[in-house]
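Right, one structure below, let's go through it.
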Amino acid sequence: MREAIVTGGGISGLCCAVKLAEAGVRVKLIAPYPSERSQSVMAAGGINGVLSKPEQGDSVNCHIEDTLKGGNYLAGKEAVTGLCQQAEEIIKYLEKIGTVFTVDSEGSLVKRAFGGQSYKRTYFCGASTGKQIVSALVMEVRRFEVKGMIERHFWTFFHSALIRGEKCYGALVYNERTDKVEAIYADFLVMATGGQNSLFGKTTGSALCDGYAAGQLFLQGVELKNLEFIQYHPTTLETCQKRMLISEAVRGEGGRLFYVENGKRIYFMEEIYGPKGNLMTRDVVSREIDKIVKSGKEVFLDISFMGEKEIRHRIPEVSDLCMKYRGIDISRESIPVAPSVHFFMGGLAVHLNHETNIRNLFAVGECASIYHGANRLGGNSLLAAMYSGMVAAKEIESRDFEQETVDFSDTEAKANLGLKKMKDTKSQFPVMYIRDMLADTMGQNLGIVRNEEAMKKGLSDLDYYLSICDRLSFDSSVSMYTNYSLKAILTLAKATLLCALYRNESRGAHFRSDFPDIDDAFAFATIIANDEGQFKIRMDKEHSYEN
Amino acid sequence: MKIKILRQTLPNTEPYWEGFDVDVNKDMTIAGVLDHINYNDDIIDDTGKKTSRIRWECSCLQGMCGSCAMVINGIPALACETMIRDLKGKEITIRPLQKFPVIYDLVVDRSIIYENLKKINMFIGEYIPVENKKPKKREKELEHQYEVAKCLKCGLCLEVCPNYVNGNNFFGALFANDCYLVSSRNQSKLTEIIQGYEEHFGKTCSKAFSCMDVCPMHIPTLASMAKMNRYY
């Protein structure tokens, strides 16, 4: 029987595991923590799709066009077409497995407007869509666990891929219970490890998504793509512990952005972009808010006119969050908002079938870069998480069985020796200190508006951290994983800065004050490869991936 | 403010209390306090001794994932939504959940929750909901299912429960709620689920309902129980 490892327990990983098991592929689902802890549960607003009875004028083609346009035509048309065409089936599937969607009095699914979309096509479960989907998928996974088709491994962290001769044979994982690295052999390895949040410290997302896997695979020869495209979500609320997301659903339900000048509310998005201004794409809204915030004014989001009853019905989670952390009653007061890092359009470069440049190594969900181009539309991430998991599973199912064993016991022994050596160092150097410095330098030098000087400063900081990283002693006050993951995370940060420096234009979420215009010479995906320590960047003019 | 934390180096070592003097403000959460202690090159306890970083689990930091469940001033709660302003007294005590094995400091192993759900085949499989002709009733049922599906599996309901010991036989409120969710969405599993419910919840629950007081998602466990009781 064919076997696959799926690394990551969020929606894309769960979906892929279920679809593999359905197809008779045995799955080892590797994730240190249960799926309830994954970032997927934080996805609030909804999932896009054109279903039967769409809004008048809407069509699947329109969804495709909006997605491509929202991403500044950097995503591949074929990939996006597949994504949008499958949306109806995906939403029906989610309903069938028990996702509790919000429905009207007739029992039909309700849709709301989302940014950058010509029509209302975002289906939702209150303001906790991701959580409801996770709850349904966890049960589906359990169905196959009981049958012995899926085996979940908790307290197990990805260490590296088993790669020889451009082909993948499984993974090395660090088991916290045994404090050892173990080789797990499999015919296929699927990465579903999420975005690289830790590059920026605290983001709107989960503290567990750190980008280690992408950085480590890059060190092992896997190509990365479009790293410079980082989505700042326009509306986040400052709280004592992080900036929290105020779902796009608020603007989808009619919420209006404004600032106050001479005692008068200025609805700036509507003034600049017309009546649908509040629902422009996230890159545009974030830049406009950023400009106002930098001029010293505060921006607010108002939904109070919706009334308490409707707010409780349509966006209860947003109302609760504002009250709990800031004491703001959104049925009476406006919400002070500013942009914050939210999503990574870039990641592991994958072909249409979600395979990387290494045979039998796949990537799905946010860690894979494929559908969103230079900017992602709200409601498309949940769709892409589900769709990518299905595509990878389907590809694996269709593959001929290649019975071939390669022995990696030397690699395993070497990895264990590496960890032991790391632990034997006596003096203490705080790994967390470097992680915090990394977040500071990335936040300062790779913000919403970028320029060469700042990015070069960031790069020189990164080079310094990388130069001392190998000489760091073991920090026994954090986990072994936190210790060994540092170098790959720093490497990923460096690759990100290099890609941002390379793209001398402004497109989507990548805005350069020194190159403020779009330039056709850069109308391609950025690919960065690690050629024995040399970072090589190219524009994917040959469309070697999906474009 | 004095923060006292019950610490443990490894699963098999003895726990010990360690104190910290921390500058706090009333708007901080306990997660913020732990971050504040850890965000230093050197971590110093209240005796001036250099010590190690406090290990605790966190993911979302906004009450949506259940990672940071712990016991704060004797009450099981999520650290990321427990505000200093809501706590009484001059010092704060923090200890790990005690009904699960400690891995280190405030990190516990909650795998038993999932093992138990697996034992009872807790999955929907096929969607065959209980038919409800009246729209109002159908709406209420969906609302209830939505609330129940928000369960974080954080374990707070088990920690506070007088009947839950170690999960060997009694599986607690989170299990009862899932029983309702599965049976309401697939009526063909009703008999199987009722049997599991009775065996691992119904016959032991002494109806203290403290689980509902500590649930961060405010899940209406009582309503789930009422529905399950009506089924059999």
- [ ] Counting only heavy atoms closer than 4.5 Å, note whether B/Val33 contacts chain A via side chain, backbone, both or neither.
- [x] neither
Open item on the list: Please classify the contact of A/Glu106 with chain B as side chain, backbone, both or neither, using a heavy-atom distance under 4.5 Å.
Closed with: backbone
Task: Heavy-atom contact with chain A under 4.5 Å, split by part of B/Cys151 - done: backbone
TODO: Side chain from CB out, backbone as N, CA, C, O: work out which of these in A/Thr204 comes under 4.5 Å of a heavy atom of chain B, or both, or neither.
DONE: backbone
- [ ] Mind ranking A/Ala136, A/Ser105, A/Gly327, A/Cys125 by heavy-atom pairs under 4.5 Å with chain B and telling me who comes out on top?
- [x] A/Cys125
TODO: Taking all heavy atoms of B/Ala149 and all of A/Gln132, pick out the closest pair and write down the distance.
DONE: CB-OE1, 3.1 Å
Open item on the list: Less than 4.5 Å to any heavy atom of chain B: does that hold for the side chain of A/Lys324, its backbone, both, or neither?
Closed with: both
Open item on the list: To the closest 0.5 Å, what do you measure between CD (B/Glu126) and CZ (A/Arg143)?
Closed with: 9.0 Å
TODO: Return the option, out of B/Ala31, B/Gly32, B/Ser67, B/Ser111, with the maximum number of heavy-atom pairs under 4.5 Å with chain A.
DONE: B/Ser67
TODO: Check the pair A/Glu145, B/Tyr114 against side-chain contact (heavy atoms from CB on, under 4.5 Å), reporting the backbone distance first and the verdict last.
DONE: CA-CA 11 Å; A/Glu145 279 185 272; B/Tyr114 300 93; over 6 Å; no
Open item on the list: With chain A as the partner, which of B/Met28, B/Lys118, B/Gln62 has the greatest number of non-hydrogen pairs under 4.5 Å?
Closed with: B/Gln62
- [ ] Select one option (side chain, backbone, both, neither) describing which atoms of B/Ile54 are under 4.5 Å from chain A's heavy atoms.
- [x] neither
TODO: Side chain from CB out, backbone as N, CA, C, O: work out which of these in A/Arg326 comes under 4.5 Å of a heavy atom of chain B, or both, or neither.
DONE: neither
Task: A/Arg177 to B/Asp109 - nearest heavy-atom pair and separation - done: NH2-OD2, 2.7 Å
Open item on the list: I'd like to know if the side chain of A/Lys242 reaches the main chain of B/Cys60, judged simply by a donor and an acceptor atom lying under 3.5 Å from each other, with no hydrogens or angles considered.
Closed with: yes
- [ ] Could you pull out the closest heavy-atom pair between A/Gln241 and B/Cys80, with the gap in Å?
- [x] NE2-O, 2.9 Å
Open item on the list: Would you say CD of A/Glu89 has more than 12 non-hydrogen atoms from neighbouring residues, nucleotides or ligands within 6.0 angstrom?
Closed with: no
Task: Nearest non-hydrogen partners of A/Tyr325 and B/Leu61, listed with the distance - done: OH-O, 4.2 Å
Open item on the list: Under a 4.5 Å cutoff for heavy-atom pairs, which residue among B/Arg55, B/His36, B/Lys136 has the most contacts with chain A?
Closed with: B/Arg55
TODO: Might you point out which heavy atoms bring B/Ile124 and A/Gly98 nearest each other, and give the distance in Å?
DONE: CD1-CA, 4.1 Å
Task: Spacing of A/Met139 atom CE and B/Asn121 atom CG [to the nearest 0.5 Å] - done: 11.5 Å
Open item on the list: Taking the side chain as everything from C-beta on, heavy atoms only, tell me whether B/Met64 gets closer than 4.5 Å to A/Lys131.
Closed with: no
Open item on the list: Given heavy-atom pairs under 4.5 angstrom as the criterion, report whether the side chain, backbone, both or neither of A/Val141 touches chain B.
Closed with: neither
Open item on the list: Salt bridge or not between B/Asp35 and A/Lys202? Use side-chain N to carboxylate O under 4.0 Å.
Closed with: yes
Open item on the list: Does atom CG (A/Asp104) have a neighbourhood of more than 12 heavy atoms from anything else shown, all under 6.0 Å?
Closed with: yes
TODO: For each of B/Asp105, B/Leu117, B/Leu142, B/Asn38, tally heavy-atom pairs with chain A at distances under 4.5 Å, and name the one with the top tally.
DONE: B/Leu117
TODO: Answer with yes or no whether the side chains of B/Tyr146 and A/Ser128 bring together a donor and an acceptor at under 3.5 Å.
DONE: yes
Open item on the list: Is it the case that the ring center of B/Phe123 lies less than 6.0 angstrom away from the ring center of A/Phe144?
Closed with: no
Task: B/Glu57 portion near chain A, given a 4.5 angstrom heavy-atom threshold - done: side chain
Task: Rounded distance [0.5 Å steps], CZ in A/Arg37 versus SG in B/Cys58 - done: 12.0 Å
Task: chain A contacts, top residue of B/Arg138, B/Lys119, B/Glu81 (heavy-atom pairs, under 4.5 Å) - done: B/Glu81
- [ ] For the pair A/Tyr433 and B/Asn40, evaluate side-chain contact (heavy atoms from CB on, under 4.5 Å) and give the outcome as yes or no after the intermediate values.
- [x] CA-CA 8 Å; A/Tyr433 177 73; B/Asn40 280 299; over 6 Å; no
Task: Gap separating the OH atom of B/Tyr127 from the CD1 atom of A/Ile97, nearest 0.5 angstrom - done: 12.0 Å
- [ ] Please look at B/Ile103 and chain A and tell me whether the side chain, the backbone, both or neither of the residue comes under 4.5 angstrom of a heavy atom of that chain.
- [x] side chain
- [ ] Could you tell me which non-hydrogen atom of B/Asp27 sits nearest to which non-hydrogen atom of A/Cys240, and how far apart they are?
- [x] O-SG, 3.2 Å
- [ ] Identify which of B/Gln145, B/Glu139, B/Arg110 forms the greatest number of heavy-atom pairs closer than 4.5 Å to chain A.
- [x] B/Arg110
Open item on the list: Between B/Lys150 and A/Glu317 (salt bridge meaning N to carboxylate O under 4.0 Å), is one present in this structure?
Closed with: yes
TODO: To the nearest 0.5 Å, tell me how far B/Glu115 CD sits from A/Arg152 CZ.
DONE: 11.0 Å
Open item on the list: Let me confirm one number: the CD-SG distance from A/Glu36 to B/Cys154, rounded to the nearest 0.5 Å.
Closed with: 10.0 Å
Open item on the list: Tell me whether B/Glu192 at atom CD has more than 12 heavy atoms from other residues, nucleotides or ligands lying less than 6.0 Å away.
Closed with: yes
Task: Atom group of A/Thr99 that falls short of 4.5 Å from chain B, counting heavy atoms - done: backbone
